[in-house]
Protein chains: 2
Amino acid sequence: MVVDQAEVDLLFHALADATRRDIVRRTMDGSFSVSTLARDYPMSFAAVQKHVAVLERAGLVTKERRGREHLVAGNPAALRAAHDVLDRLELVWRERIARMDDLLAADTHEGNRP
Amino acid sequence: MVVDQAEVDLLFHALADATRRDIVRRTMDGSFSVSTLARDYPMSFAAVQKHVAVLERAGLVTKERRGREHLVAGNPAALRAAHDVLDRLELVWRERIARMDDLLAADTHEGNRP
DNA sequence: CTGATCTACAACCATACGGTTGTATATACG
DNA sequence: CGTATATACAACCGTATGGTTGTAGATCAG
């Protein structure tokens with residue numbers, strides 16, 4: 001499951017803004033119209049609209065039209081994808097620690113054998 | 001353990017670039033001088049220097065001077081912090097699913113009691 | 001139909017970003 | 001010493017970002 005670097009760029013870029021993270025948090029708990037979301041932020045409707053567009057481009061939310069309003073819903077899979085990228089970065093570190101542990105264990109072993 | 005939103009912004013912004021993510025990955029496995037890192041990317045030394053500065057500002061790497069070269073080392077704690085932010089976003093979703101499960105279970109329960 | 005609401009989109013603006021080149025400083029080597 | 005290496009930093013440039021306002025198209029209520 002190799003992820004395209006450009007998509008990861010979009011993912012993390014989308015998460016690098018407090019307003020957008022808040023929108024993600026809220027939409028993970030259900031669907032909200034863009035104007036409902038916009039009401040809670042100290043900026044224009046158009047600005048929130050742009051934030052939603054950034055989140056949509058990153059795959060973090062999806063929009064579904066219902067009547068005249070567009071419901072924004074969070075996409076847990078995208079969050080999981082970001083998670084996985086971080087896991088792979090951490091993995092390198094974990095493996096390094098494991099190797100160090102192995103070396104220490106080997107040393108101890110040799111130390112026990114005179 | 002409340003994290004400052006501005007710091008989280010820096011964290012995710014730093015991770016929103018493939019070159020920077022690669023530097024993080026490499027430095028999680030040990031220390032590298034800036035020029036050693038720079039050799040592997042198709043850009044100037046100064047550009048890589050800037051990337052390292054962004055990572056440092058986000059706390060993802062630390063620099064330690066050794067002689068004339070500055071060794072860049074990854075900081076697993078920052079990676080963990082990013083992880084935790086994602087966990088909290090996911091948590092909302094998990095709780096929602098749990099609530100839905102509870103409702104379903106309650107329905108089933110009532111259905112079993114005539 | 002009229003009016004109010006929700007959304008989309010364009011134009012604009014200030015600032016930040018990612019890259020470049022050039023210059024300066026500290027350290028190692030011979 | 002002089003020279004090469006490693007880094008830092010400033011200035012510059014094109015483009016993207018995050019915000020604004022304004023205009024226009026759908027849709028619902030009366």
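Lettering of chains follows the sequences in order, A, B, ..., and the numbering in each one begins at 1. Keep in mind that what you see is a predicted model, and the values were worked out from it rather than measured.
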Just how far, in rounded Å, is P of dA14(C) from CE of Met43(A)?
20 Å
Under 4.0 Å, counting only non-hydrogen atoms across every strand here, what does Arg20(B) touch: a base, just sugar-phosphate, or nothing?
sugar-phosphate
Checking contacts here: which listed nucleotide (dT27(D), dG18(C), dT21(C)) is nearest the side-chain heavy atoms of Arg65(A)?
dT27(D)
Distance in angstrom units between Arg39(B) CZ and dT7(D) C1', rounded
13 Å
Between Gln49(B) and dA8(D), is there a contact of a side-chain N or O with OP1 or OP2 at under 4.0 Å?
yes
How long is the line joining CD of Glu69(B) and P of dA28(C), in whole Å?
9 Å
So do Arg21(B) and Arg88(A) actually touch side chain to side chain, heavy atoms under 4.5 Å?
no
What is the separation between atom NE2 on His70(A) and atom P on dA8(C), rounded to the nearest whole Å?
5 Å
Of the nucleotides dG19(D), dG18(C), dT21(C), which has the atom closest to the His51(A) side chain?
dG19(D)
Mind checking Ser44(B) for me? I need base, sugar-phosphate or nothing, with any heavy atom below 4.0 Å counting as a touch.
base
Report whether Val54(A) and Leu15(A) are members of the same hydrophobic cluster (ILVMFWY, side-chain heavy atoms less than 4.5 Å apart, transitive linking).
no
Among the nucleotides dC17(C), dA8(D), dG18(D), which one has an atom lying closest to any side-chain atom of Lys63(B)?
dA8(D)
Whole angstrom is fine here: how far is it from CD1 in Ile23(B) over to C1' in dG18(C)?
13 Å
Can you work out whether Arg66(A) or Val54(A) has the more 5'-proximal nearest nucleotide on DNA chain D?
Val54(A)
Please state whether the rings of His83(B) and His83(A) are parallel, tilted or perpendicular, taking 30° and 60° as the class boundaries.
perpendicular
